[in-house]
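Worksheet for the structure shown next.
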Amino acid sequence: MTRPAPSRTGSPRPSRRAVLAGLGAAALAPAALAAPAVRAAAPARVVVVGGGFAGASCARALAGAGGIAVTLVEPSADYVACPFSNAVIAGLRDLRRQTFEVAALARVPGLAHAPRAAVAVDADARRVRLDDGTQLAYDRLVLAPGIEVRLDAIAGYDAAAAEAMPHAWKAGSQTLALRRQLAAMPDGGVVVIAAPPNPFRCPPGPYERASLIAHFLKTHKPRAKVLILDAKDAFSKQRLFEEAWAARYPGMIEWVSLSFGGRVIEVDAAARTLVTEFGRHRADVANVIPPQRAGPIAAAAGVADASGWCPVDPVTFESRLVPEIHVIGDAAIGGAMPKSAFTANGQALVCAAAVADLLAGRASAEPKLVNTCYSLVAPDAAISIAGVYRPRDGLLAEVAGAGGTSPLGAPEAVRAAEAAYAAAWFETLTRRVYA
Amino acid sequence: MSGGRGGRALGVAGAVVLGVIGLAAPAPAAAPPPGALACGGCHPPAPQGAVPSLRGRSADTIVADMRAFRDGARPATVMDRIAKGFSDDETRAIADWLAAAQP
């Protein structure tokens with residue numbers, strides 16, 4: 001599949017000066033100096049919004065492609081990573097090990113960091129507006145806004161309720177809030193996890209969380225229990241999780257499926273009560289993971305559809321709705337790839353290559369992508385799911401015969417090896433993206 | 001950093017490496033073939049942790065390892081499941097690129 005090169009070359013805009021003034025000329029100078037040798041025109045301008053695994057990785061790869069001036073728009077100086085944050089909740093890991101310096105990416109030649117939030121996109125003029133009024137002009141825009149936790153989906157679950165009943169589905173203060181509540185709850189109490197409908201960030205995440213919370217309770221409050229109220233009738237790695245729960249935490253974790261009344265439709269934060277279609281559940285700790293959608297800039301840019309997510313081309317990750325805007329990571333939909341950090345990084349690299357091709361007027365080859373996703377079922381035991389994906393009929397489809405989960409009934413050594421691989425994966429990915 | 005840059009970025013690869021490639025290969029550092037960018041998601045650029053680095057491995061070694069993973073001849077946790085997603089030709093292209101680009 002090929003895509004035409006952009007016909008417009010873009011002209012100098014006020015934003016350019018703002019970027020140079022606000023972010024330091026040094027960051028852009030190498031690209032600007034190198035450009036004449038490579039291209040007759042000024043370097044192409046790519047704005048990347050979002051400093052998570054997708055955005056940061058894409059920005060780095062684009063800066064490394066040469067001849068492209070990249071601006072990474074991310075208001076936070078630090079990125080707090082979600083993978084392994086369930087271990088933080090369970091008291092097994094410090095949040096600092098999840099924290100990575102986005103601002104340090106400005107040291108990458110050709111990459112400038114705009115420490116602001118993107119609030120609007122003018123796709124016709126190809127400009128992004130930041131929350132301080134700055135306008136950034138682009139030839140190509142990459143949006144990697146991650147998820148927005150919906151505070152309009154479950155009655156009573158608003159911003160105040162999210163403090164009392166943390167979702168902890170974005171790592172940071174929410175993660176620590178849930179950990180504090182678990183540490184303070186009485187032995188014999190009940191932790192209720194409300195799991196969301198598909199699609200959502202990290203499909204096995206609620207169940208890894210249940211596992212590690214059960215491990216915490218078994219160690220510190222052995223009479224306590226975990227109740228999962230689920231808006232689904234099935235979940236990722238289900239048989240492996242259920243096998244692990246029966247063996248490691250017998251009688252401690254109860255899962256209520258959608259069909260058996262698991263979907264939470266209302267919460268009463270003051271009474272710590274969750275309401276399903278079938279009844280009411282009082283919690284000592286309530287972890288409500290609500291439905292999600294793409295981060296707000298996606299809707300503002302017009303790239304989110306009625307589902308709240310962003311359909312994309314499977315070769316270039318260009319939006320199906322707005323040309324010259326690409327969407328990667330959790331915000332994107334377009335096939336079978338799950339929303340994971342591994343997926344986000346892989347899509348970022350493929351998208352960066354495609355954007356560089358488009359700017360250079362080259363055709364992009366059809367990509368092949370991989371996802372590998374580990375879940376801890378205990379501090380030193382993990383299970384995994386993997387998949388290989390390729391474009392088919394306009395979507396990213398799974399390659400038949402490949403992928404799948406860890407085997408059931410595997411010896412403890414296999415689970416331990418996967419826990420070690422999970423740790424190594426996180427170390428490698430975070431170093432490649434943020435170091 | 002990532003595999004995404006190694007193949008195309010002259011500055012990253014470094015003049016010494018490029019010199020070698022320039023002599024050995026008919027074309028300058030090629031774009032990564034389909035799937036090649038995924039390897040660096042787990043495999044580190046230098047030895048570190050439980051997942052081995054692929055740097056310094058020959059293309060033939062990588063092809064043989066991938067075939068053994070795919071056929072079940074070599075025990076694995078996740079590489080058997082991933083290797084089954086790539087044909088012989090795709091695996092060879094990835095291996096050649098990894099050996100040349102050293103991402």
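Throughout, a chain's letter reflects where its sequence line sits, starting with A, and its residues are numbered from 1.
Here A:Phe426 contributes atom CZ and B:Cys42 contributes atom SG; the two are 13.0 Å apart, rounded to the nearest 0.5 Å. Distance CE/B:Met79 to OH/A:Tyr421: 10.5 Å, rounded to 0.5 Å. One distance of note links CD of A:Glu427 with CD of B:Gln48; it measures 5.0 Å at 0.5 Å rounding. The SG atom of A:Cys351 lies 12.0 Å from the CG atom of B:Leu37; values are rounded to the nearest 0.5 Å.
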Residue pair A:Val399, B:Phe86: steps toward the side chain to side chain contact (heavy atoms under 4.5 Å, CB included) verdict: CA-CA 9 Å; A:Val399 174; B:Phe86 294 90; over 6 Å; no
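The closest side-chain heavy-atom distance from A:Thr372 to B:Ile82 is below 4.5 Å. Looking only at side-chain heavy atoms (C-beta outward), B:Arg81 and A:Ser406 come within less than 4.5 Å of each other.
Neither the backbone nor the side chain of A:Ala423 comes within less than 4.5 Å of any heavy atom in chain B. With a threshold of 4.5 angstrom between heavy atoms, A:Tyr389 does not approach chain B through any atom at all. With a threshold of 4.5 angstrom between heavy atoms, A:Leu429 approaches chain B through its backbone and through its side chain. Only the side chain of A:Phe342 comes within contact range of chain B, with heavy atoms under 4.5 Å apart.
Note: B:Gly41 leads B:Ala38, B:Cys39, B:Ala83, B:Gly41 in heavy-atom pairs under 4.5 Å with chain A. Interface check for chain A: of the options B:Pro75, B:Gly49, B:Ala50, the most heavy-atom pairs under 4.5 Å are formed by B:Ala50. Contacts with chain B were tallied for A:Val388, A:Leu369, A:Val370, A:Thr428; A:Thr428 has the most, counting heavy-atom pairs under 4.5 Å.
At least one donor-acceptor pair closer than 3.5 Å links the side chain of A:Lys368 to the backbone N or O of B:Gly85.
Counting heavy-atom neighbours within 6.0 Å of A:Arg97 CZ, excluding the residue itself, gives a total of 12 or less.
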